[in-house]
Enquirer: 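Below are the structure tokens for one structure; questions will follow.
These numbers were taken from a predicted model, which means no experiment stands behind them.
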Amino acid sequence: MTNTDFITTVLAPYQPQLPIEELVLEVNRLYHAVEAQDYDDRHPEVHEQLPSIWKEMVDHAAKTAQVTEWKILDFGCGTGFEAEQLIRHLPQGSIAQLTCYDPSPEMLDRCRARITPLFSDALFVSDLSSQPDGQQTYNLLATNSLLHHLPNPLGTINHLLPQLSKNVLWLAGHEPSSRFYKRAECARLYEEFLQQRQWSRFLSVENYLTKFRQLVGLESNPSKEAAKAAFHKGLFKQQPSSFVVDRLVDFHVAHSLEEASQGRGFDFKIMQQEFADSWQLEWVKTYSFMGSFYEQDLPSRWSDASREMSQKFPDDGANFCTAWRRN
């Protein structure tokens with residue numbers, strides 16, 4: 001069973017009214033319109049784990065590229081995390097152009113508020129074709145936590161090739177890896193952790209407070225709100241569950257060995273083969289050896305075990321960052 005077959009089976013009871021690829025894009029737009037308001041609060045792992053890794057990627061770009069002026073396309077900019085990393089870590093004065101693109105107006109507004117004080121000449125666009133002629137050749141492409149939302153990641157990235165220079169470098173941050181679940185030792189440790197955490201959550205006052213805040217409208221529930229909006233827009237004949245919305249939004253994210261075996265999640269070694277006609281993998285780093293949980297925030301038993309897994313299986317973290325060079 002492929003990932004598309006899996007999704008089709010999950011969707012069947014709700015009678016979707018669009019082809020899968022269009023449905024994924026539309027549901028993502030609805031979801032991120034809601035999530036934009038508190039995206040950064042919902043994803044603390046981005047700010048805890050990724051700055052140091054992005055610095056490594058930016059250092060790689062600065063050392064390997066024969067470039068004095070960077071023309072950057074931040075594709076799927078979200079709230080501006082990766083643009084901020086580039087501004088902070090590239091040599092001062094080396095950024096000649098920064099274009100931040102996102103199809104979500106809500107996300108783009110957040111990015112604009114974050115980046116303008118750091119780089120006043122940045123452009124913020126929701127339509128790349130609207131840029132002035134002569135300003136569409138970029139020598140650095142940046143994405144972060146993007147590919148897993150796309151129904152056709154390689155096709156989407158390669159659609160940008162006419163706007164990218166021949167030697168463009170692509171920094172692709174924070175994508176989910178199926179290798180984590182396929183590595184038995186990692187999966188076994190994670191399952192043991194989840195079983196213990198289930199009891200902790202049952203006893204957690206904060207867990208119940210979160211549910212109460214969502215119930216009374218003090219905290220957003222993007223999955224639930226996107227499900228309602230998708231139904232009212234006619235994307236489904238029956239209102240989908242939050243589970244279905246989550247699977248459509250995180251289209252390439254595996255949550256178990258079963259899902260990884262069904263084609264969900266990425267394997268950077270398989271990507272290397274599939275992307276070979278257009279891109280060459282230059283750098284990779286995997287991390288997150290306790291699934292979606294940041295190891296440094298966990299009790300020492302689990303953080304120590306995670307560190308051991310990272311030393312034994314450095315290619316098999318639950319997430320990875322990569323740097324690619326156009327062929």
Side-chain angles (χ1 to χ4, degrees), residues 3-4 6-43 45-46 74-82 100-114 124-130 143-153 155-157 159 174-176 210-211 213-255 259 264-265 292:
N3 186 34
T4 301
F6 168 76
I7 291 292
T8 300
T9 300
V10 169
L11 291 178
Y14 306 98
Q15 302 178 60
Q17 300 299 293
L18 291 176
I20 291 293
E21 291 199 4
E22 294 179 39
L23 193 66
V24 169
L25 296 176
E26 288 298 321
V27 171
N28 263 280
R29 287 190 185 97
L30 296 172
Y31 181 92
H32 288 110
V34 178
E35 194 189 33
Q37 60 185 300
D38 56 3
Y39 177 88
D40 293 320
D41 292 335
R42 288 178 175 277
H43 297 278
E45 77 281 357
V46 170
D74 182 0
F75 186 74
C77 62
T79 60
F81 169 80
E82 60 271 25
C100 297
Y101 162 83
D102 204 286
S104 166
E106 296 83 3
M107 285 287 190
L108 199 61
D109 285 345
R110 294 279 178 169
C111 183
R112 182 182 292 106
R114 180 179 192 165
F124 303 92
V125 299
S126 57
D127 180 2
L128 288 174
S129 65
S130 66
T143 63
N144 191 75
S145 196
L146 169 77
L147 299 183
H148 63 271
H149 296 302
L150 302 174
N152 182 3
T156 301
I157 296 301
H159 186 70
H174 203 53
E175 299 295 348
T210 297
K211 291 181 179 179
R213 288 194 294 266
Q214 290 179 345
L215 183 65
V216 300
L218 296 176
E219 185 172 313
S220 66
N221 187 330
S223 299
K224 186 176 181 179
E225 293 179 46
K228 292 179 180 177
F231 174 65
H232 289 304
K233 284 192 69 174
L235 304 185
F236 300 88
K237 285 192 174 181
Q238 300 292 328
Q239 183 172 313
S241 64
S242 295
F243 172 84
V244 166
V245 168
D246 287 340
R247 290 307 188 268
L248 287 171
V249 170
D250 288 334
F251 189 68
H252 293 284
V253 178
H255 298 271
E259 290 190 4
R264 293 178 68 82
S292 61

Enquirer: Step by step, would you call Glu106 with His32 a side chain to side chain contact (heavy atoms under 4.5 Å, CB included)?
Expert: CA-CA 8 Å; Glu106 296 83 3; His32 288 110; over 6 Å; no

Enquirer: Begin from the C-alpha positions of Tyr31 and Ser223 and carry the test side chain to side chain contact (heavy atoms under 4.5 Å, CB included) through to its verdict.
Expert: CA-CA 6 Å; Tyr31 181 92; Ser223 299; 3.5 Å; yes

Enquirer: When you compare the side chain of Arg247 with that of Glu259, does any pair of heavy atoms fall below 4.5 Å?
Expert: yes

Enquirer: May I ask you to decide if Gly78's main-chain N or O and Asp102's side chain share a donor-acceptor pair within less than 3.5 Å?
Expert: yes

Enquirer: Any side-chain heavy-atom pair from Tyr39 and Met107 closer than 4.5 angstrom?
Expert: yes

Enquirer: Got a sec, which pairs hit salt bridge (charged side-chain N to carboxylate O under 4.0 Å, His left out) with one end in residues 16-31, sequence neighbours left out?
Expert: Glu26-Arg29, Glu26-Lys233

Enquirer: In chain order, what residues pass the ring pair (Phe, Tyr, Trp, His ring centres under 6.0 Å) check against Phe236, with sequence neighbours excluded?
Expert: none

Enquirer: Is there a side-chain contact between Leu30 and Val245 in this structure, where contact means two heavy atoms from C-beta onward sitting under 4.5 Å apart?
Expert: no

Enquirer: Just wondering, do Leu11 and Pro240 contact through their side chains at under 4.5 Å, heavy atoms?
Expert: no

Enquirer: Looking at every heavy atom in both Cys100 and Leu108, which two are closest together, and how far apart are they?
Expert: O-CD1, 3.6 Å

Enquirer: Ignoring hydrogens and angles, tell me if any N or O in the side chain of Glu225 forms a donor-acceptor pair with the backbone of Pro222 under 3.5 Å.
Expert: no

Enquirer: Sub-3.5 Å donor-acceptor pair from the side chain of Arg264 to the main-chain atoms of Asp250, do we have one?
Expert: yes

Enquirer: So, Arg114 and Asp40, do they make that salt bridge, N to O below 4.0 Å?
Expert: yes

Enquirer: Looking at side-chain heavy atoms only, is the closest gap between Ile20 and Phe251 below 4.5 Å?
Expert: yes

Enquirer: Please tell me if the side chains of Val253 and Asp246 come closer than 4.5 Å, counting only heavy atoms from C-beta onward.
Expert: no

